[in-house]
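Side chains included, hydrogens not; waters and symmetry mates left out as well; all remaining heavy atoms used. Predicted model, so just to flag it, every value in this text is computed and none were measured.
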Amino acid sequence: MPNKDYLLPADLSDVKGWNNRSYEATIQAKFSHPKQYEILRLLESGRPEEELYNMKTDPYQLVNLANDASYNTKKWS
């Protein structure tokens, strides 16, 4: 459902009741912690129309292989 809005996990939101600052801290740490920043931006961007992941090498499904041409001829048995 690529048109669906995906909310960030509650522990990343700056919710006043919880007084959590994880989101802002991740934004400020863009250069010192680039991977964490990249993952945050990935979460914010929503889901693509097609997804394909290598579960052996990418169990957290962070690298979408759907547009990788080397998988176009993959035969499934």
Side-chain angles (χ1 to χ4, degrees):
M1 297 188 300
N3 296 330
K4 179 181 175 184
D5 288 334
Y6 288 89
L7 301 175
L8 289 173
D11 62 340
L12 290 178
S13 300
D14 187 13
V15 180
K16 291 182 181 181
W18 293 57
N19 201 25
N20 189 320
R21 308 237 190 282
S22 298
Y23 180 86
E24 187 60 34
T26 304
I27 298 297
Q28 291 177 3
K30 176 181 181 175
F31 298 108
S32 61
H33 294 80
K35 191 62 175 176
Q36 288 82 350
Y37 179 81
E38 178 187 345
I39 292 170
L40 176 64
R41 290 301 184 207
L42 181 67
L43 288 169
E44 288 182 317
S45 67
R47 307 223 38 152
E49 191 170 325
E50 294 184 29
E51 296 178 90
L52 177 66
Y53 301 98
N54 183 330
M55 299 302 291
K56 289 182 182 176
T57 62
D58 183 22
Y60 300 108
Q61 302 172 20
L62 299 175
V63 179
N64 186 0
L65 302 171
N67 294 320
D68 186 328
S70 66
Y71 289 91
N72 287 349
T73 60
K74 179 77 175 170
K75 295 187 182 195
W76 305 99
S77 53

With rounding to the nearest 0.5 Å, note down the distance linking CD1 in Ile27 to CD in Gln36.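 One gets 12.0 Å once the value is rounded to the nearest 0.5 Å.
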
Say you draw a straight line from OG of Ser22 to CG of Leu40; how long is it, rounded to the nearest 0.5 Å? 10.0 Å

Check against side chain to side chain donor-acceptor pair (under 3.5 Å), Gln28 and Tyr37: CA-CA 9 Å; Gln28 291 177 3; Tyr37 179 81; over 6 Å; no

When you group the ILVMFWY residues by side-chain heavy-atom contacts below 4.5 Å and let the links chain together, are Tyr53 and Ile39 in the same group?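 Ile39 does not cluster with Tyr53.
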
Do Glu44 and Arg41 sit within salt-bridge range, that is, some charged N less than 4.0 Å from a carboxylate O? yes

Give every donor-acceptor pair under 3.5 Å between a side-chain atom in residues 59-67 and any protein atom, sequence neighbours left out.
from	atom 1	to	atom 2	distance (Å)
Asn64	OD1	Leu52	N	3.0
Asn64	OD1	Ala66	N	3.0
Asn64	ND2	Glu50	O	3.1

